[in-house]
Amino acid sequence: MNNREFVRKIADSALTYPYGTFAVGVGRVNTCVNPFSYHLVRRHPELYNSMDGLFVDGMTMCWLIRLLWMKRVPRLSFDMSGMAVDLFSYLNNIGTDKSIYFLGTKQDVLEATIKQFYKNYPKMKIAGYRNGYFIDNDDRKKAIADIIKSKSDFAIIGMGSPLQEQFALDLKNAGYKGIVFTCGGFLHQSASDINYYPKWVNKYNLRAFYRLFHEKGLWCRLYNVLIEFPILFTWDTLRTKLY
């Protein structure tokens, strides 16, 4: 794992945010990496190297990059504590003709989330939306064709890693000219309230711990965030610098 190129892409992506990141015209794919998905980055480096923008979702990773690489990078996840609020506010402005497409989670959950988006951003133009479960490969191809046909300027894909990253790349390679963001569980989390994290959780950067008590099956991540990821990232950094 070449951490030098990995960190360089993260730092370069952060420098372009938000103006360069949201500038439409050329198709681009952006994704976020957290301590848990770092395992996938190590396993599928070619997939993540193909991303146009790479952002950090997790203060532990931000701290380690600063400590080991002397680079300050912000936490920029696609949710209402990060990039989503900036993009949605931009799209909600009077006179903005840009539109957005959403794909991910189950259909009934997504429809509840779309209602939340309309409630909080009534002027945001939603070009379309659909769930992230495909019957077969033809259904997947149809979903890609529908997003391209919608001519949306932005597409938000929430399917979990690495499925969402592969879908985003396939969408771009199929001819989509908009800007794609992967968003993990954001579309699922926003079904009942667009602001999933309380203000005090965001203030003290306790998002990972908050999710442990609100989402099933995440306790295994605590070991990953606090122990396994720091060891792996430090080891990869040392190997990169030595060899």
Side-chain angles (χ1 to χ4, degrees), residues 9 13 16-33 40 44 46-55 76-79 82-84 86-93 95-118 121-188 190:
K9 177 166 281 192
S13 299
T16 67
Y17 187 84
Y19 303 108
T21 308
F22 294 156
V24 298
V26 180
R28 295 195 305 278
V29 175
N30 304 278
T31 196
C32 304
V33 179
L40 299 173
H44 308 282
E46 71 292 338
L47 178 61
Y48 288 85
N49 286 338
S50 299
M51 299 290 122
D52 299 292
L54 200 58
F55 299 92
L76 286 169
S77 175
F78 198 91
D79 57 24
M83 292 188 284
D86 293 332
L87 179 59
F88 291 177
S89 298
Y90 165 64
L91 295 176
N92 196 54
N93 286 337
T96 299
D97 61 350
K98 304 294 185 292
S99 63
I100 189 168
Y101 193 105
F102 296 96
L103 183 146
T105 194
K106 297 178 180 179
Q107 189 66 27
D108 59 335
V109 176
L110 181 59
E111 289 175 1
T113 295
I114 296 299
K115 289 180 180 178
Q116 288 291 329
F117 292 162
Y118 275 129
Y121 297 94
K123 296 182 179 66
M124 183 168 68
K125 298 177 181 177
I126 298 179
Y129 58 89
R130 67 149 286 168
N131 64 77
Y133 295 88
F134 308 120
I135 300 172
D136 51 28
N137 194 47
D138 288 338
D139 190 33
R140 187 178 186 275
K141 290 180 179 178
K142 183 180 183 302
I144 290 175
D146 287 344
I147 297 175
I148 295 173
K149 186 178 179 180
S150 75
K151 296 183 179 180
S152 61
D153 299 282
F154 298 91
I156 312 303
I157 312 299
M159 299 169 60
S161 300
L163 294 177
Q164 60 187 11
E165 282 78 16
Q166 189 60 62
F167 184 90
L169 282 176
D170 290 345
L171 178 61
K172 175 185 174 181
N173 293 334
Y176 183 66
K177 301 302 181 184
I179 300 172
V180 186
F181 291 93
T182 66
C183 68
F186 171 60
L187 297 177
H188 175 79
S190 303

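Note that the structure is predicted; figures quoted are calculated from it, not measured.
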- Message: Using 0.5 Å steps for rounding, measure from the CD atom of Gln164 to the CD1 atom of Ile156.
- Response: 11.0 Å

- Task: Check whether any side-chain N or O of Ser13 sits under 3.5 Å from a backbone N or O of Leu54 as a donor-acceptor pair, and report yes or no.
- Result: yes

- Item | Charged N-O contact under 4.0 Å between Arg130 and Asp139 | yes

- Any donor-acceptor N/O pair, Ser89 side chain to Asp86 backbone, under 3.5 Å: no

- Item | Gap separating the CD1 atom of Ile126 from the CD1 atom of Ile114, nearest 0.5 angstrom | 4.5 Å

- Query: Of Phe181, Tyr121, Phe154, which is the lone residue that meets ring pair (Phe, Tyr, Trp, His ring centres under 6.0 Å) with Phe88?
  - Reply: Tyr121

- Item | Separation between OG of Ser152 and CZ of Phe102, rounded to the nearest 0.5 Å | 10.0 Å

- Would you please test Ser190 and Gln116 for side chain to side chain donor-acceptor pair (under 3.5 Å) and show each step? CA-CA 7 Å; Ser190 303; Gln116 288 291 329; over 6 Å; no

- Note on the structure: Sequence neighbours excluded, the answer for ring pair (Phe, Tyr, Trp, His ring centres under 6.0 Å) partners of Phe167 is Phe134

- Task: Would you confirm whether Tyr176, through its side chain, and Ala168, through its main-chain N or O, come within 3.5 Å as a donor-acceptor pair?
- Result: no

- Hey, are the side chains of Met51 and Thr182 touching, using non-hydrogen atoms and a 4.5 Å cut-off? no

- Find out whether Asp97 and Lys125 are in side-chain contact, i.e. whether some heavy atom of one side chain is under 4.5 Å from a heavy atom of the other. yes

- Message: With a 4.5 Å cut-off on side-chain heavy atoms, are Ile148 and Leu171 touching?
- Response: yes

- Item | Tyr48 vs Lys9 side-chain heavy atoms within contact, under 4.5 Å | no

- Given side chains that start at C-beta, do those of Cys183 and Asp79 come closer than 4.5 Å, heavy atoms only? no

- Query: To the nearest 0.5 Å, what is the distance between CD1 (Ile157) and CZ (Phe78)?
  - Reply: 10.5 Å

- So Lys98 and Phe22, side chain to side chain contact (heavy atoms under 4.5 Å, CB included) or not? Walk me through it. CA-CA 11 Å; Lys98 304 294 185 292; Phe22 294 156; over 6 Å; no

- Query: Do NZ/NE/NH1/NH2 and the carboxylate oxygens of Asp138 and Lys142 come within less than 4.0 Å?
  - Reply: no

- Task: List the atom of Ala127, the atom of Tyr101, and the distance in Å for their closest heavy-atom pair.
- Result: C-CD1, 4.2 Å

- When rounded to the nearest 0.5 Å, the distance separating NZ of Lys149 from NZ of Lys151 is 10.5 Å

- Query: Taking the side chain as C-beta and beyond, is there a heavy-atom pair between Val180 and Lys172 under 4.5 Å?
  - Reply: no

- Item | Spacing of Arg28 atom CZ and Ile179 atom CD1 [to the nearest 0.5 Å] | 4.0 Å

- Partner of Thr105 by side-chain contact (heavy atoms from CB on, under 4.5 Å), out of Glu111, Met159, His188: His188

- Does the side chain of Asn30 come within less than 4.5 Å of Met83's, by heavy atoms? no

- State, with a plain yes or no, whether a side-chain heavy atom of Leu187 is found less than 4.5 Å away from one of Phe117. yes

- Quick check: does any side chain N or O of Thr113 sit under 3.5 Å from a backbone N or O of Val109, one acting as donor and the other as acceptor? yes

